[in-house]
Structure formats: structure tokens, C-alpha cells
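Proteins come first, then strands; the chains are lettered A, B, ... in the order of their sequence lines, and each starts at number 1. All values below come from the heavy atoms of this structure, side chains included, with hydrogens, waters and symmetry mates left out.
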Amino acid sequence: MALETLAGVISLASNEIGQSRIDAVKNDILKLFDSIEKYDDGTFYFDEKVDGVGPLATTSSVVQGLTAFASTASGRVKLPEDNILGLTKYFLSIGIPGDAKEFFNQVNSLSCLENSRVSVPLILALPATVVSLTNKDKLKVRVTTALGSRSPPLKVKLVRAFISGSKDASVIENQELIFDSEGAFHILDLLPTSIDVGKYTFVFEIVLQDSEDAKVYVTGGQTKVPVYISAIIKIENAEISVLDSDLGSVDTQKKLNLGKEDDVSLAANHLQKLRLSFQLSTPHGHAFKPHQAILKLKHEKAEHIFLVGNSGKKFQVILDFLGLVEKFFYLSGRYDIQLSIGDAVMENSFCQDLGHVELDLPEAPEKAPRPAAQPDDPFSKYGPKAEISHIFRAPEKRPSENLSLAFLALTLLPFLGFLVGLLKLGVNLKNFPSAPVPAMFAILFHVGIGSILALYALFWLKLDLFTTLKALGLLGVFVMFVGHRILSHLASTSSKLKSA
Amino acid sequence: MARSPLILVALISLIPLLCHSFSPETPTGRRILVLVDDLAVKSSQSLYFKSLSSRGYELDFKLADDPKIALQRYGQYLYDGLVLFCPTVERFGGSIDQAAILDFVDSGHDLIIAADVQSSDLIREIATECGADFDEDPAAMVIDHINYAVSENEGDHTVIASDNLIKSDVILGSSKIEAPVLFQGIGHSLNPANSLVFKVLSASPATYSANPKSKLSSPPALTGSAISLVSVMQARNNARILISGSLSMFSNRFFRSGVQKAQSSTKHEKSGNEQFLTEISKWVFHERGHLKAVNVKHHKVGEEDEPAVYRIKDDLEYSVEIYEWSGSSWEPYVADDVQVQFYMMSPYVLKTLTSDKKGVYSTSFKVPDVYGVFQFKVEYEKLGYTTLSLSKQIPVRPFKHNEYERFIPAAYPYYGAAFSMMVGFFLFSFVHLYSK
């Protein structure tokens with residue numbers, strides 16, 4: 001920000017400020033550029049460790065100040081080319097910032113760089129770095145300025161192309177790309193070359209046709225671009241077989257259709273071996289080693305993974321069950337076979353179930369390791385539980401009602417017998433007192449006894465003990481009084497009779 | 001003069017009521033601390049952060065090694081949620097460390113962790129404490145040669161388009177996520193013994209975790225569907241943790257880009273990342289799936305009050321109200337699998353409660369004929385919902401002496417005997433006194 005204000009001041013008072021002062025500012029700018037930081041992929045930026053001000057804001061303010069200064073000051077400001085290109089790449093690599101203010105900073109800085117008098121950076125970019133040999137794609141390269149406008153006439157040269165990570169000599173050297181003026185692309189046709197599938201690093205160089213342009217434009221020397229060349233890989237001679245261990249003779253052999261459907265079923269015991277083999281070759285006929293060549297044997301309790309090794313074009317894996325018995329936790333049963341072959345440059349990668357093999361392994365000894373627990377399906381743990389309703393204790397068995405009624409009749413028999421007996425004895429009521437007062441007492445006495453019995457019946461039916469006892473107390477006193485009178489009367493009459 | 005300090009104190013005491021902080025009444029907290037490795041993350045994941053702040057959260061962005069950061073001060077937590085978007089941090093600044101973060105979760109707060117390639121050991125250890133084991137090789141990435149996202153610029157098949165999502169409406173929202181979700185990062189596996197953590201976005205059977213730049217020398221440790229790309233844990237105190245193996249999954253670039261899965265010809269205009277991450281963040285911050293149960297009532301059929309004791313073979317009714325937090329208010333929760341147990345050492349009765357669609361769940365049953373001290377237990381556990389664990393104790397007594405059956409037909413002989421005795425006595429009293 002300081003630079004921008006300074007540029008503004010200078011532009012207003014351009015004539016008066018002495019050259020020495022401007023040189024001083026130029027030196028300061030160079031010193032500022034010493035503190036430039038860089039990321040690993042060649043982008044440069046400024047960072048100030050101030051809260052809230054990110055690197056984007058800092059870098060953009062430096063760039064804006066610099067270009068404003070350069071446009072007003074006379075003479076060139078000598079800055080290393082890498083820095084300019086690095087700053088441009090930084091602004092381009094951020095993507096689209098979320099904040100509107102940061103977005104403005106980014107676009108403003110890019111346009112300052114584009115229009116600046118310091119040097120205009122030229123960006124080399126490939127719209128597609130994944131090229132398919134099977135689809136007969138052509139490699140396209142585009143060179144533009146930072147904001148996408150056309151570049152001056154130039155040629156793009158492919159200096160070297162070599163397999164990434166290897167120290168082999170390069171496959172292509174010094175090939176010029178053909179310029180397609182319609183789409184403004186530089187095109188490299190890969191078919192005539194002997195490039196096979198793989199991950200390559202292509203090194204491009206921009207050659208300006210007009211040497212005057214070199215003063216204005218910055219090309220950045222050689223640019224390394226990783227390119228993936230992919231194709232459909234041919235799979236041949238795939239077969240799976242069970243071999244007898246010592247002799248190596250084939251027990252069962254089945255052909256496989258890798259890449260399409262397969263469902264073989266084999267059976268083996270622990271003395272035999274399982275062999276899987278196939279051949280992979282690239283469109284140009286060379287051997288191909290994919291990144292992922294995995295054979296999986298899946299049991300319901302455990303899973304085992306093996307890598308498929310190769311020698312040249314032929315891929316083969318032999319599983320010797322005798323040595324693997326302990327690794328398989330001595331689990332016999334059905335193992336599903338799954339083969340996965342894949343690579344970044346293989347267009348027809350597949351992960352296929354080949355079928356199953358019934359393995360017969362010996363029994364596990366006492367101390368054998370157990371397989372790890374398999375995870376449960378989360379939904380099965382969380383379901384509602386089964387309903388429980390309490391089963392009540394059955395009541396004790398009671399005799400049938402008829403039986404009870406029969407016994408009721410039986411208990412009433414003695415009563416009937418009593419009545420019959422009384423009649424037989426010839427009972428009578430002759431001794432009932434005739435005089436009214438004793439008769440009244442007699443009647444009251446019997447009424448009292450009857451009411452006490454009725455009270456008992458009532459207690460059985462619904463009363464509780466407290467009311468019953470209260471009533472009984474009252475009735476008892478009454479009966480006692482009345483009974484005393486009648487009984488004493490009866491006793492006196494009978495003694496009168498006896499004495500007379 | 002004595003009035004003004006009093007008024008001041010009264011005003012100050014009102015301030016706690018004005019805070020919108022995490023409490024049992026409002027489970028969605030407001031203040032979230034976001035720790036990042038460098039502030040460029042704030043702008044490259046800005047769409048995601050905007051989705052959070054548009055729902056009312058206050059995001060506080062800090063660098064992970066800023067010496068002034070702290071989760072709590074004087075025993076009070078300063079934040080209600082923590083987002084760790086700092087996969088390469090070696091040591092946190094300030095007073096935050098692994099133990100402080102785990103304490104934060106133990107006190108019921110939510111956490112989002114994003115790891116990425118070259119994650120530091122610190123982030124891996126925090127994830128392991130939460131139940132997710134990342135691949136031990138720091139340079140390993142998840143690679144899938146069949147389900148990768150077709151792209152003109154990235155040829156090493158590390159950007160995966162996955163649509164193996166968990167089938168749960170409460171976690172992922174009720175609208176289906178049509179487009180696959182883009183993912184580029186590391187994978188993890190879940191400990192099978194851990195019952196609290198589960199996979200939300202899992203990998204296909206062809207996926208494996210390895211360093212894309214070097215050849216495989218031994219079978220990879222993580223392969224197939226056992227790899228989880230994004231998983232989620234709900235702790236027993238209902239704190240929720242989201243663990244993702246990719247920080248770039250949250251980036252604006254992935255949110256906006258179209259997706260075409262390899263070996264398929266459907267091109268989706270927009271990836272499912274934005275919908276997936278917005279919905280799952282809603283779940284993590286308790287805007288969905290947070291239940292509360294109130295108003296447990298039980299009484300005898302026909303009565304209104306809650307008795308202190310039940311008698312065996314009584315008919316009783318039990319009811320409870322369950323509400324779900326919708327982000328701003330409590331809505332009635334409707335489900336058909338809430339169950340109540342009548343429990344003493346083991347459940348004697350287990351019944352499913354019927355809902356009246358307004359949040360009240362009720363049922364009725366007969367008290368068993370075993371007496372003792374029982375509990376009404378509601379243990380509700382459903383994937384994605386907080387666990388409800390209610391228990392109310394109630395004693396059950398046997399019959400009183402006057403509650404047994406009377407007038408049993410089997411006793412008729414006895415009744416007959418007694419009454420015939422009484423009648424006989426009455427007659428006998430006449431006969432004995434008056435006959436000659």
C-alpha cells in the first residue's frame with residue numbers, strides 16, 4: 001500500500017523528484033522482493049504475519065503498488081523473471097476465493113500484471129493432461145497471458161518427455177508442436193510416436209518468434225507438466241487352476257473371462273495349491289505392470305489379500321495352502337474369490353468376482369489364533385426388541401362345581417337327619433310359657449338369638465369386624481338380659497313342678 | 001445512592017439469560033471455533049462456512065498454532081463446537097492439546113475433524129480416540145480405478161466419486177443425494193468392537209489405500225468396503241463427531257464441480273458434496289435427531305393421579321412425551337418403535353408405545369403377578385438419534401387380605417356346614433327349652 005501511494009505521489013510530481021530518490025525506491029523494492037516466499041510448486045507470494053490479513057491481500061497490494069510505480073517511474077525496475085511468473089501463478093492457483101474483496105484483489109492484480117510495463121508473463125497450460133491412446137486423443141497446449149488474451153507469435157517445443165520417476169533417457173526429444181490457429185492450440189499427435197501408456201513428465205519450452213517481444217514478455221524457461229497417457233490394456237490367457245502340491249500336476253483347470261462375467265467353482269484341500277495366471281500387454285505390445293493387482297479370498301469370518309506378481313508380461317500368483325493354513329485361521333468352507341486389477345493409466349480396470357473355492361483345511365489345534373471380529377451392520381443392532389407379555393401364574397386347579405354342589409348336599413344331610421331325628425323323638429312346644437310377660441321374653445330371646453345369627457350371616461356377606469363387634473355387643477347385652485328373664489322363668493316353673 | 005449498585009447487580013444478573021449458549025433447552029450451540037493450517041482455507045472452503053454461518057453459527061477462525069487460542073477459561077467453555085481443518089498441525093497453540101479436545105467432547109460438545117494426505121500424528125491420534133484408524137503410511141491416499149471421477153487434469157485416480165452413503169434420513173436429510181460425492185484424501189477403518197461409530201460414506205470393493213507414486217510391495221492394509229471415507233460417532237453423552245479423510249472435500253472447487261463416474265455415462269452438473277456436507281453438519285450440530293423425553297405419567301386405568309404403589313394384576317396406563325429439536329424449536333417426534341419395559345432385574349413386560357402423532361406415546365398393560373420394586377424403563381436407541389434412557393421406580397404389592405376372591409363355588413360345602421349348624425342351633429334352642 002505504501003508503494004501505491006508513493007506511485008501516486010510520483011505521478012503527480014513527476015518532474016520535481018530527483019533521480020536518486022527514485023533509485024532509492026527501486027533499491028527498496030528489490031529488498032522487499034528478498035522477503036518473497038514460495039510454495040513448493042513454484043508459486044511466489046508475500047506473507048505478513050498480521051491477524052486477519054491473509055497472504056492474498058498482502059501479495060496483491062505489493063503487486064498493485066509495484067505496477068503503479070513502474071508505470072510512472074522512468075527506467076526499468078530489474079526484477080528476476082521467476083518472481084513475476086511465480087506471482088502470476090500464485091494468483092492463478094488460488095481458484096476462486098470465497099470473499100468478494102479477495103476476488104477483487106486477485107483479478108485486479110492479474111490485470112495489473114497483464115498491463116504492466118515491467119514484464120508481461122506468458123502462461124503455458126494444458127487443458128487436458130489425461131490423454132487416451134485408445135481414443136486417439138491429441139495432446140493440446142495453449143499459451144496465453146495471465147488473463148487469457150492472445151500471446152504474440154511463438155512456437156512451443158517439447159524438449160524432453162520421460163517416464164516420471166525414472167532415470168531413463170527420454171522418449172521424445174526436441175519435437176515442435178504444430179500450431180492450430182483455429183483453436184489457438186499447439187498440437188502434438190502421439191500416434192506416430194512410440195509413446196506407450198504410462199505417467200510421463202513432458203518438458204515444454206516457449207520460443208518467441210519475435211526477439212523484440214522478449215523484452216516485454218516473460219516466458220519462464222522450461223515448464224514441466226505431468227501427463228498421463230492411458231489406454232485399454234489387453235488381457236489374455238486368463239485361467240485359474242488347482243494344482244496338486246508335490247507333483248505340480250493339474251487337478252482342475254478353468255478358463256476365465258476377465259473383464260466380463262465369471263463364476264467358477266473349485267474345491268481344494270490343504271495339500272493343494274491354487275494358481276491364477278493371466279497376461280497383460282499394452283497397445284504397443286509391451287509388458288504392463290498395474291499399480292493394483294490384488295487377489296482377495298473372502299470367508300464369512302475373515303478376508304485375505306494377496307498381491308499378484310509378474311515376470312514380464314505374465315502375471316501369476318500361486319497360493320500354497322499348506323503354508324497358509326495357519327494364516328487362514330484353520331477355517332474351512334467356502335471362500336469367494338475376487339480379483340482387482342487397476343492402474344491410473346489403464347482404462348479398463350476391473351474388480352471382479354471370479355467364483356468360489358471350497359477349502360478343506362484341517363482342524364484347528366488348541367492354541368490357534370482366532371480371526372478378528374467382523375463389524376456388525378449398524379442397523380441390525382438398533383431394531384425394536386421383541387415384545388414380552390407376562391404369563392400370569394395359572395390359578396390352582398379347583399374341583400368342578402358339580403363336585404362342590406354334591407358335597408354341599410352331603411353336608412346338608414346331617415341337618416336333615418337332625419330334623420328327622422327330632423320328629424322321631426316327638427318334640428313339641430308344650431312348654432312354651434303361656435303368660436304374656438314370659439311369652440314376650442321368650443319370643444324376644446329367640447328373636448335376639450336369631451338376630452345374632454343373622455348378624456353373623458351379614459358379617460360373612462359384607463360387614464367388617466368392627467361394626468359387627470359393635471352390633472354384637474349391643475345385641476349380646478339385650479339377649480343376655482332377655483334370656484336371663486326367660487330362662488329363670490323356665491327354671492322356676494320346672495322347679496315348681498318338681499317340688500309339687 | 002444504595003439503589004444504583006442494586007440496579008447494576010440486577011442488570012448484570014440478567015446477562016446470562018441473553019446468551020444463546022448450549023444448554024439442555026437449546027441443544028444447538030452457536031459459537032464454533034474453526035482451527036486451520038493457513039488462512040487460505042477460510043476462502044477455499046468458503047461455501048461450506050457460509051452454509052454454517054447462514055444457519056446462525058458464529059465462526060471464529062484461528063490458526064492452529066496461534067498461541068492465544070483456548071477452549072475454556074475459568075472452567076467455562078468458550079465455544080459450543082470445534083472444527084479442525086488443520087491436518088498437518090504438529091502441536092496446537094495456546095492451551096489446546098489432545099486431552100483438552102477430548103475433554104471438550106466428553107462434556108457434550110460436537111467436533112468435526114478433517115484429515116488429509118500427510119496428516120500429522122496428532123490428528124491421527126485424535127481420530128483414533130474417536131474410533132477411526134487412519135492408514136499408517138502418511139503418503140497413502142485412497143485410490144479407486146473403477147469409481148474415480150473422470151477429469152481431464154487429474155489422471156491418478158485419487159479423486160473418487162462415491163455414492164455408498166448410509167441409508168438414514170435423520171443423518172443425511174430426507175431428500176436423496178442424486179450426484180456422487182467427490183473425495184480425495186486418506187481412508188480409515190473402524191474398530192469393529194466400537195458400537196458407537198459408523199460409516200456414513202464408505203468405499204467401493206475396488207478401492208484400496210496406497211501411495212500413488214510408488215508400486216505396491218505388500219498387500220495394502222485397507223481395501224474394499226471396509227474403508228470408510230467419512231464416518232460419524234455419537235458418544236454416550238450424545239456428543240457427535242464427524243471424521244473425514246479429505247479436507248478438499250469441503251472445498252469450493254469440489255462443491256461446484258460436475259461429476260462423471262468412470263465407466264458410467266451419466267454426467268451430473270453438480271457434485272453431491274454440498275448437499276451431503278450441509279446435511280451432515282446439520283446432524284452433527286444437533287439440528288436433527290436430538291430427542292428429549294418429558295412428562296412421564298402412569299396411573300391406573302380410570303384414575304387420574306399417579307399412585308404410590310400398584311397392586312398385582314392392576315391395569316395401568318403409561319405415557320411419555322417425546323420431542324425432537326428442529327434447530328429452532330422442539331417438534332413432536334413421531335415413530336413407531338419406542339418401547340417401554342416393566343423391569344425388575346429383567347423385563348417382565350415389554351410393549352411398543354403407540355403415538356398420537358403429537359408427541360405423546362402411551363400404552364396400557366396388566367401389572368404382573370410378581371411383587372417387588374419395578375421400574376418403567378424406556379431405552380430408545382436408533383441410528384442417528386440421541387439415546388433416550390428414562391427410568392421411574394414404582395413398587396408393586398400383593399393382594400390385601402380383603403382383595404381375594406370371595407364366595408368360591410369350591411367352598412360351598414363349608415358354607416353349607418356353617419349355615420346348617422346355625423339353623424340347627426336356632427331350632428334346637430326352641431326344642432330344648434320348650435319340649436316335654
Side-chain angles (χ1 to χ4, degrees), chain A residues 54-55 95-99 102 127-130 165 228 230 291-292 294 305-307 338 340 342-344 346 349-351 372-375 378-379 381-382 384-385 387-390 392-393 398-399 401 404-405 407-408 411-412 415 418 422 427-432 446 449-450 453 456 490, chain B residues 39-40 43-44 46-47 50 143 145-146 151-153 155-157 190 192-193 195 198 205-206 208 210 212-213 215-216 218-220 223-224 252-253 313 337 339 347-352 365 368-369 381-383 408-410 412-413 416-417 420 422-424 426 429-431 433-436:
Chain A
I96 302 183
D99 196 13
E102 296 199 345
T129 53
V130 179
Y228 291 87
S230 66
H291 193 241
Q292 175 194 27
I294 292 175
I305 306 170
F306 304 95
L307 284 182
Q338 191 186 60
S340 317
D343 191 271
M346 185 170 158
S349 315
F350 61 87
C351 168
Q374 295 284 13
F379 284 102
K381 279 186 282 185
Y382 287 107
K385 303 192 194 60
E387 292 211 352
I388 304 172
S389 44
H390 182 76
F392 289 84
R393 221 183 355 211
R398 290 183 182 155
E401 201 164 323
S404 315
L405 288 172
F407 272 91
L408 179 65
T411 49
L412 289 178
F415 178 64
F418 174 67
L422 280 181
V427 296
N428 49 39
L429 284 174
K430 289 207 192 109
N431 221 0
F432 196 79
H446 289 292
I449 288 185
L453 292 177
Y456 289 163
L490 282 176
Chain B
L39 287 171
S43 94
S44 67
S46 66
L47 282 178
K50 199 159 74 163
I143 306 176
H145 295 299
I146 299 179
S151 141
E152 287 183 341
N153 296 317
D156 57 356
H157 298 182
L190 299 176
S195 60
F198 42 92
Y208 63 103
K213 295 192 183 50
K215 296 278 180 201
L216 285 177
S218 63
T223 55
N252 295 354
R253 187 168 68 101
K313 298 197 191 158
D337 55 357
Q339 294 178 319
Y348 281 80
V349 175
L350 201 161
K351 279 201 93 167
T352 310
F365 55 89
D369 57 359
E381 272 184 345
K382 200 165 169 178
L383 190 73
I408 305 171
Y412 285 172
S420 65
M422 286 181 359
V423 172
F426 188 63
S429 67
F430 278 109
V431 163
L433 287 177
Y434 307 128
S435 76
K436 267 225 185 72

Which of parallel (below 30°), tilted (30 to 60°) and perpendicular (above 60°) describes A:H291 and B:Y208? tilted

If you tally heavy-atom pairs under 4.5 Å between each of B:A417, B:S218, B:G224, B:P347 and chain A, the highest tally belongs to B:S218

What is the minimum heavy-atom distance between [X] and [Y], and which atoms define it?
X      : Y      : result
A:S404 : B:P409 : CB-O, 3.1 Å
A:Q292 : B:L216 : CA-CD1, 4.3 Å
B:H157 : A:D343 : CE1-O, 3.3 Å
A:H446 : B:F426 : O-CE1, 3.2 Å
B:D369 : A:H390 : OD1-NE2, 2.9 Å
A:L412 : B:S420 : CD2-CB, 3.9 Å

Between the OG1 atom in A:T411 and the OH atom in B:Y412, the distance rounded to the nearest 0.5 Å is 13.0 Å

To the nearest 0.5 Å, atom NE2 of B:H145 lies from atom SG of A:C351 at 11.5 Å

Interchain contact, [X] with chain A, by part (heavy-atom threshold 4.5 Å):
X      : result
B:F365 : neither
B:P220 : both
B:L433 : both
B:Q339 : side chain

Given A:A344, A:G450, A:S230, A:P384, the one with more heavy-atom pairs under 4.5 angstrom with chain B than any other is A:A344

